[in-house]
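A short write-up of the structure that comes next.
Please read all numbers here as calculations on a predicted model, not as lab measurements. Reckoned from all heavy atoms, side chains included, excluding hydrogens, waters and symmetry mates.
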Amino acid sequence: MSTYSAPRVFTIHPGQDFLATLVRALCDGSLVPGFKYSGDPLALSQATIFVPTRRAVRELRSTLMDHLGSNSILLPHIRPLGEFDEEAFFFEAGAEEIIRTPPPIDALERQLILGRLIAQWTDHLTAHLRALYKEEELTTPVSTADAFWLARDLAELIDQMQTEDLSFEDIQAAGEAEVSEWWGVTLAFLQILRTEWPAILEERNRLDPSAHRNAMLRGEATRLQQLQPESPVIVAGSTGTIPATAELIATIAKLPAGAVVLPGYDLEMDQATTAALEDENQIASAVSHPQFGMHNLVRKMGAIGLVEPLGQRRSPARKSRDAWVKLALEPAPCTDTWHDKRMQIDQKAFENVALLTAPNEREEAAAIAAALREAIAEPNARAALVTPDRMLARRVVTELARYGVQANDSGGTPFNTTLQGSLVALMFSIVYQPGDAAELLALLKNPLVQLGTDADAHRDATNWLERLVLRGSVGRFSMAGFRDFALAQIATVKSSNAPRPDWVERMTEEDEQLALDLAARLDATFAPLVALVAGNEKASLQVALEATIVSLEALAKDETGDHRALFADEAGAMLRSALVQFLSSESGLTFDPVQWPEIMHAVLAGLLVKPE
């Protein structure tokens, strides 16, 4: 293959099947000149393709197999951008710098360490800043749990700064303008980022996740620039909004066999829109434009005027629809021509497009789920829900479950809404805020809970406990001595002179014993947490965690004593990982035991369970 110094950049219009078009162009030789699939089962394995996400990796593999049919072949190396297998670089030429890059610190470990630093952040306040509070004592964070919530926000700020290649000095410089003296308090808080946090990372030989991603992306860009591989290297579907990603993409575009395929870059952008996207004085309105990131990437690659279309030509109706959407999303400086441009668009642009207006959120989700369900029944139909509204996505997933359809939500499921997450929340609520019979029943009916018996026996015992102990006005109760409470409730039911339901007359001693045995198992299960709450001294993370783990595992044990179901699926694996990170933490924090549920909530609240 001959050396190709100019950037090779393509785009696929939004109305086309992106992956199918990409695969066809790769195989027929129109993507990388001199490289195509002609039946050799080893040919495609020479190519490397970067795509934005792990989900895109799976879909591209499936699309390749569909295109190639039943042929036995080795597929290209398909990698998600920003996610690197460090061990694989041991077999790559010129990867010495990448191999030496320190690994990323675990997100939970980072939150635990930052929480400890935040709990002590007032040490950074000078006498001048303390004088701002006069006689008032500074009480932020007000608790250990509050420190962990602040740690989440600080970790997000770290990631944003490193993604945009900003430093603490950049933030400090922004505050040198005429701002309130209170800005000094914020800078004192952020001293954590300047002194203590970098020292901790260096001591542990770790990088922040965003810094690690940037280092790996730039390391790969340097490796490819030096190696100049003759085999195809392709980036597909990325808009390059992260600076380090844009550098890698720009490098690949100029490789001898490199190619970049953009998702829907506008080749018909007018001069006014182009000028608005490039005007630094109009950045506030331009940054939200869908072409802003890609246009900057094209400029960085030096590919203005060089981007070529891939795939079939658009129909007239499709062109009109694209023009309409483009018009609706124009930057603010270009909206003065809306009316004139609107009159030039064909009225058939939205033929076969339906507009749904729902009276409320529930019916909106139900209607979307019904439309998706109908599409499943059509062999040639394609359907997807694309929305930034996470609540809508969750409602639609729930509605699809009513049809027996398990939706693959690429946005992930909040851990707190999983079976494991609700079990943790209910367990803490029952122990720390006792007396709610509905919550206790919800915990007992969680599919993960068996309390040392088989599923059928646990269900029968729960039903009798509900009837004899938790039904009606039961008053307040706690999990300390719950069996004694249950015994008193059963005695009240049996001795009551009020009209009694038929099931009381049919109740046997064995049924009564089932309820009492379950109450006794609850006593034993929650005993470690009850003892933790009753303690008058501050607790350490390790002590609180041990009590939590013992109670969780006791809840999930089956008749053989096996509690592996608690950690079996993706949510279970995430819970296990969180607990292990907690146990291995060396934060040395102590706290009032009543704060423990809120600390756990602060740590688990940001976790998302994504399908493997």
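- Between the side chains of Q420 and D569, at least one donor N or O lies within less than 3.5 Å of an accepting N or O.
- The shortest distance between side-chain heavy atoms of L248 and L224 falls below 4.5 Å.
- Using a 4.5 Å cut-off on side-chain heavy atoms (C-beta onward), R110 and P209 make contact.
- Looking at V580 and R576, their side chains come closer than 4.5 Å, going by heavy atoms from C-beta outward.
- Taking the side chain as every heavy atom from C-beta outward, I376 and Y403 never approach each other to under 4.5 Å.
- The main-chain N or O of L108 is never found under 3.5 Å from a side-chain atom of Q581 such that the two would form a donor-acceptor pair.
- The closest side-chain heavy-atom distance from L207 to L201 is not below 4.5 Å.
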| task | Evaluate the side-chain contact (heavy atoms from CB on, under 4.5 Å) criterion for residues L22 and L60: first the C-alpha distance (whole Å), next the side-chain angles of each, then the deciding distance (0.1 Å), finally the verdict. | result | CA-CA 9 Å; L22 172 68; L60 180 53; 4.2 Å; yes
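- Side chain of Q111 to main chain of F148: a donor-acceptor pair is present (N/O by atom type, distance under 3.5 Å, no hydrogens or angles).
- Judged purely by atom type and a 3.5 angstrom limit, D558 has no side-chain atom pairing as donor or acceptor with the backbone of H563.
- R218 is linked by a side-chain hydrogen bond (donor to acceptor under 3.5 Å, both in side chains) to D165, E247, counting only residues two or more places apart in sequence or in another chain.
- Checked against ring-ring contact (aromatic ring centres under 6.0 Å, His included), H601 has the following partners two or more places apart in sequence or in another chain: W149.
- A donor-acceptor contact shorter than 3.5 Å links the side chain of S62 to the backbone of R58.
- S577 contributes no side-chain N or O that, together with a main-chain N or O of A573, makes up a donor-acceptor pair within less than 3.5 Å.
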| task | Given side-chain contact (heavy atoms from CB on, under 4.5 Å), test F582 with Q542 step by step and report yes or no. | result | CA-CA 8 Å; F582 252 130; Q542 282 67 28; over 6 Å; no
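- Atom CG of L426 and atom CG of L443 lie 5.5 Å apart (nearest 0.5 Å).
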| request: Could you please spell out the steps behind the side-chain contact (heavy atoms from CB on, under 4.5 Å) verdict for D106 and R206? | output: CA-CA 9 Å; D106 182 82; R206 291 289 185 271; over 6 Å; no
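- The main-chain N or O of I192 is never found under 3.5 Å from a side-chain atom of T195 such that the two would form a donor-acceptor pair.
- Results of the side chain to side chain contact (heavy atoms under 4.5 Å, CB included) test with P76 over T48, I234, L64 single out L64 as the only residue that passes.
- Scanning for side-chain hydrogen bond (donor to acceptor under 3.5 Å, both in side chains) contacts around E512 gives K494, with sequence neighbours left out.
- With respect to the salt-bridge test (charged N to carboxylate O, under 4.0 angstrom), the residues K538 and D592 do not qualify.
- Looking only at atom types and distance, the side chain of D389 has no donor-acceptor partner in the side chain of T387 under 3.5 Å away.
- Considering all non-hydrogen atoms of both residues, A480 and V530 come closest at CB-CG1, 3.7 Å.
- I200 has its side chain within reach of L117: a pair of non-hydrogen atoms, C-beta onward, lies under 4.5 Å apart.
- For N360, there are no side-chain hydrogen bond (donor to acceptor under 3.5 Å, both in side chains) partners at least two apart in sequence or on another chain.
- Aromatic ring orientation, F591 versus W596: parallel (interplanar angle below 30°, classes split at 30° and 60°).
- The side-chain hydrogen bond (donor to acceptor under 3.5 Å, both in side chains) pairs that include a residue from residues 518-532 number zero, where partners must be two or more places apart or lie in different chains.
- Interatomic distance, L468 CG to L487 CG, rounded to the nearest 0.5 Å: 11.0 Å.
- With hydrogens and angles ignored, the 3.5 Å screen pairs no side-chain donor or acceptor of R459 with any backbone N or O of K445.
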| task | Dump the intermediate steps for salt bridge (Lys or Arg N to Asp or Glu O under 4.0 Å) on R382 and D17, then the final yes or no. | result | CA-CA 10 Å; R382 290 178 177 270; D17 187 323; 3.0 Å; yes
| request: Output, in order, the C-alpha distance, side-chain angles, deciding distance and verdict of side-chain contact (heavy atoms from CB on, under 4.5 Å) for L522 and M479. | output: CA-CA 7 Å; L522 286 170; M479 302 315 297; 4.0 Å; yes
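- Here the shortest heavy-atom pairing between F168 and Q191 reads CZ-NE2, 3.7 Å.
- By the 6.0 Å contact criterion, CD on E202 is open, its count of non-hydrogen atoms from other residues, nucleotides or ligands being 12 or less.
- Note that CG of L217 and CZ of R213 are 7.0 Å apart. Values are rounded to the nearest 0.5 Å.
- Atom CE in M600 sits 10.0 Å away from atom CG in L541 (nearest 0.5 Å).
- The CZ atom of R467 lies 13.0 Å from the CG atom of L470; values are rounded to the nearest 0.5 Å.
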Would you be so kind as to tabulate the donor-acceptor pairs closer than 3.5 Å made by side chains of residues 428-442, with sequence neighbours excluded?
| from | atom 1 | to | atom 2 | distance (Å) |
| --- | --- | --- | --- | --- |
| S429 | OG | E439 | OE1 | 2.5 |
| S429 | OG | E439 | OE2 | 3.2 |
| Y432 | OH | P593 | O | 3.3 |
| D436 | OD1 | A438 | N | 3.0 |
| D436 | OD1 | E439 | N | 3.3 |

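- Residue A519 comes nearest to R483 through the heavy atom pair CB-CA, 3.8 Å, listed as atom of the first residue, atom of the second, then distance.
- Using a 4.0 Å cut-off between a side-chain N of Lys or Arg and a carboxylate O of Asp or Glu, E364 and R395 do not qualify as a salt bridge.
- Residues P52 and G237 approach most closely at CG-O, 3.4 Å, considering heavy atoms.
- When side chains are defined from C-beta on, L444 counts as touching H458, because their heavy atoms get closer than 4.5 Å.
- At most 12 heavy atoms of other shown residues, nucleotides or ligands fall within 6.0 angstrom of atom CZ in R564.
- At least one donor-acceptor pair closer than 3.5 Å links the side chain of T417 to the backbone N or O of P414.
- In the displayed structure, R362 atom CZ is contacted under 6.0 Å by at most 12 heavy atoms of other residues, nucleotides or ligands.
- Here the NZ atom belonging to K557 is positioned 12.0 Å from the CG atom belonging to L552, to the nearest 0.5 angstrom.
- Nearest approach of N446 to L419, heavy atoms of both residues: ND2-O, 3.2 Å.
- The two atoms that bring V397 and A407 nearest to each other are CG2-CB, 4.0 Å, heavy atoms only.
- Using a 4.5 Å heavy-atom cutoff, the side chains of P102 and H212 are not in contact.
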